[in-house]
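Okay, so here's the structure we're looking at.
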Amino acid sequence: MGDFRSDTVTQPTLAMKQAMSDAPLGDDVYGDDPTVNRLQDMAAEMLGFEASLFAPSGTQTNLIALMGHCQRGEEAIVGQQWHTYRWEAGGMAVLGSIQPQPLENQPDGTIALDDIASAIKPDDPHFARTRLIVLENTTGGKVLPLAYMRDVQMLAKKYGLRSHIDGARLMNAAVSIATENSSDPIKEAKNICNSYDSVSLCLSKGLGAPIGSLLFGSSSFVAQAKRTRKMLGGGMRQAGILAAAGIYALENNVQRLTDDHANASMLSNGLKEIIRTHARLNESSTVVHPAHTNILFMDVASDVASVFLPYLAENNIRVTSGIQKSKDGPVRRIRWVTHLNVNQSDVERALTVVARF
Ligand SMILES: *Cc1c(COP(=O)(O)O)cnc(C)c1O
């Protein structure tokens with residue numbers, strides 16, 4: 001079995017479950033769950049924020065943040081591919097009455113500074129008031145360069161915009177930069193977030209917790225966020241049982257993301273090797289994109305993909321796929337994600353199965 005659909009499929013380990021069952025609990029809606037409080041305090045300290053808030057999902061922490069920054073009829077600048085825009089069921093518009101202003105993503109995952117600057121509306125009654133710039137890091141597995149993060153921050157300051165990072169996979173970005181600089185991932189995570197008004201971080205992806213996301217910001221922002229979380233139905237009672245998994249994840253599972261990145265590289269290199277000589281998955285039908293962090297994309301011509309995808313499923317290799325535009329018409333974009341529950345031998349087996357197709 002190789003489940004490459006997403007790093008959300010990770011199961012809590014025995015040690016994590018032990019930490020969950022040992023956790024002291026209270027009622028977090030009353031603010032007296034000691035384990036939730038401990039998670040929120042240690043995480044805020046870790047990333048250099050005044051406070052953080054534990055919530056059930058990243059979709060919710062993002063929505064809470066957007067609603068904290070924008071009032072009804074105000075506007076948030078987002079990337080076309082951002083999760084906040086494309087993958088959250090339109091929540092900012094439906095529940096926040098916030099107008100998204102989507103911008104084209106560049107091949108490196110960024111949205112261009114010029115595009116951002118020219119999307120900011122002047123103060124004119126025709127326009128929604130532009131209030132917020134949202135970034136996503138990593139995005140599609142790509143790490144946004146630190147220099148870019150700084151440039152966007154400067155632009156936000158210049159125009160008086162608030163700034164939010166959807167850091168569902170922030171730690172993958174931090175570990176990737178830390179590996180390059182031979183530095184500490186937590187220090188790099190702090191660097192990425194430096195000066196941003198808010199950040200969301202998923203505990204339930206590569207970090208391996210079963211449920212949970214954190215929202216970071218100033219004390220007053222997080223106080224308001226707590227009210228919005230309640231409004232959205234995200235106030236949880238003995239939530240320490242989940243927060244304990246989050247503490248365990250932050251203490252034990254950050255550095256190990258390098259293993260996931262190494263496995264994704266190995267998978268990408270192996271797939272590139274295969275398509276050099278394969279009869280059907282060859283250079284005219286298939287493009288294997290480089291692995292950035294723990295995610296890799298492979299574009300396969302539709303006719304080949306319609307046989308290849310069921311073949312993978314029959315062989316217990318699970319992936320996700322979507323339609324992608326290309327210069328030769330639509331192709332299937334297959335996504336492979338590495339995580340805590342796929343190891344090197346799962347990657348080797350997947351490569352063997354693909355080669356045999
Ligand atoms: C997964 C993800 C989220 C949040 O997803 P949930 O499943 O709601 O926790 C937010 N942003 C990005 C970029 C993600 O990949």
Side-chain angles (χ1 to χ4, degrees), residues 3-12 39 43 52-67 76 78-92 94-96 100 102 105 108-111 132-144 149 163-176 189 192-193 196 198-216 225 228-229 232-234 236 239 242-243 245-246 249-250 253 257 260-261 264 292-297 319-320 322 333 335-340:
D3 195 343
F4 294 91
R5 286 174 302 167
S6 175
D7 45 8
T8 55
V9 303
T10 50
Q11 298 273 334
L39 169 65
S52 85
L53 187 73
F54 183 57
S57 71
T59 298
Q60 188 169 98
T61 48
N62 279 333
L63 180 58
I64 293 170
L66 282 151
M67 289 174 71
V78 291
Q80 275 287 350
Q81 303 298 331
W82 281 182
H83 200 278
T84 40
Y85 177 59
R86 189 173 278 252
W87 298 90
E88 296 181 5
M92 77 164 96
V94 176
L95 298 166
N105 287 94
D108 67 356
T110 62
I111 45 180
L132 176 70
I133 167 80
V134 180
L135 294 182
E136 180 177 303
N137 199 3
T138 63
T139 182
K142 290 173 183 162
V143 179
L144 303 187
M149 299 301 293
S163 55
H164 172 71
I165 303 173
D166 176 352
R169 296 191 181 86
L170 174 75
M171 290 304 182
N172 293 86
V175 160
S176 168
I192 295 170
C193 301
Y196 280 81
S198 61
V199 177
S200 62
L201 166 75
C202 278
L203 298 164
S204 65
K205 293 196 165 158
L207 295 177
I211 297 173
S213 172
L214 287 162
L215 176 62
F216 298 84
T228 310
R229 182 186 65 178
L232 297 174
M236 299 184 287
L242 301 174
L250 289 174
N253 289 348
L257 293 171
D260 300 345
H261 300 178
H292 300 278
T293 64
N294 68 327
I295 300 180
L296 115 82
F297 292 100
V319 293
T320 57
R333 173 158 285 187
R335 188 179 83 151
W336 302 77
V337 183
T338 54
H339 52 78
L340 190 56

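Because the structure is a prediction, the values reported are computed rather than measured. In this chain, numbering begins with 1 at the start of the sequence shown. One-based numbering, in listed order, for ligands and for the atoms of each.
The shortest distance between side-chain heavy atoms of His292 and Val143 does not fall below 4.5 Å. Contact annotation: the side chain of Leu201 approaches that of Leu250 to within less than 4.5 Å [non-hydrogen atoms, C-beta and beyond]. Contact check for Leu214 versus Leu53: no side-chain heavy atoms found under the 4.5 Å cut-off. Between Phe54 and Thr61, the closest side-chain pair of non-hydrogen atoms is not below 4.5 Å.
When Gln60, Arg86, His83 are ranked by how near their heavy atoms come to atom 12 (C) of ligand 1, first place goes to His83.
For ligand 1, the atoms lying closer than 4.0 Å to a non-hydrogen atom of Glu88 are 10 (C). The contact set between ligand 1 and Ser57, taken as ligand atoms under 4.0 Å from a residue heavy atom, comprises 8 (O), 9 (O). Numbered from 1 in the order shown, with element, the atoms of ligand 1 that lie under 4.0 Å from a heavy atom of Cys202 read 4 (C), 9 (O).
In this structure, the protein non-hydrogen atom closest to atom 6 (P) of ligand 1 is Gly58 N, 3.6 Å. In terms of protein heavy-atom proximity, atom 2 (C) of ligand 1 is closest to Lys205 NZ, 2.1 Å. Here the protein heavy atom with the shortest distance to atom 11 (N) of ligand 1 is Asp166 OD2, 2.6 Å.
At a heavy-atom distance under 4.0 Å, only side-chain atoms of Glu136, from C-beta outward, approach ligand 1. Proximity of Asn62 to ligand 1, defined as any heavy-atom pair under 4.0 Å, is confined to the side chain (atoms from C-beta onward).
At least one N/O-N/O distance between Arg169 and ligand 1 falls below 3.5 Å. Note: an N/O pair closer than 3.5 Å links Thr59 and ligand 1 by distance alone.
Within 4.0 Å of atom 8 (O) of ligand 1, at least one protein heavy atom is present.
Among all heavy-atom pairs drawn from Thr338 and Asp7, the shortest one is O-CB, 4.3 Å.
Residue Leu215 is tested with Asn62, Val199, Ile64 for a side chain to side chain contact (heavy atoms under 4.5 Å, CB included); the sole match is Ile64. For the side chain to side chain contact (heavy atoms under 4.5 Å, CB included) test with Leu257, the passing option among Thr293, Leu207, Leu340 is Leu207; the others fail.
Asn294 and His339 share no donor-acceptor pair across their side chains, judged by distance under 3.5 Å alone.
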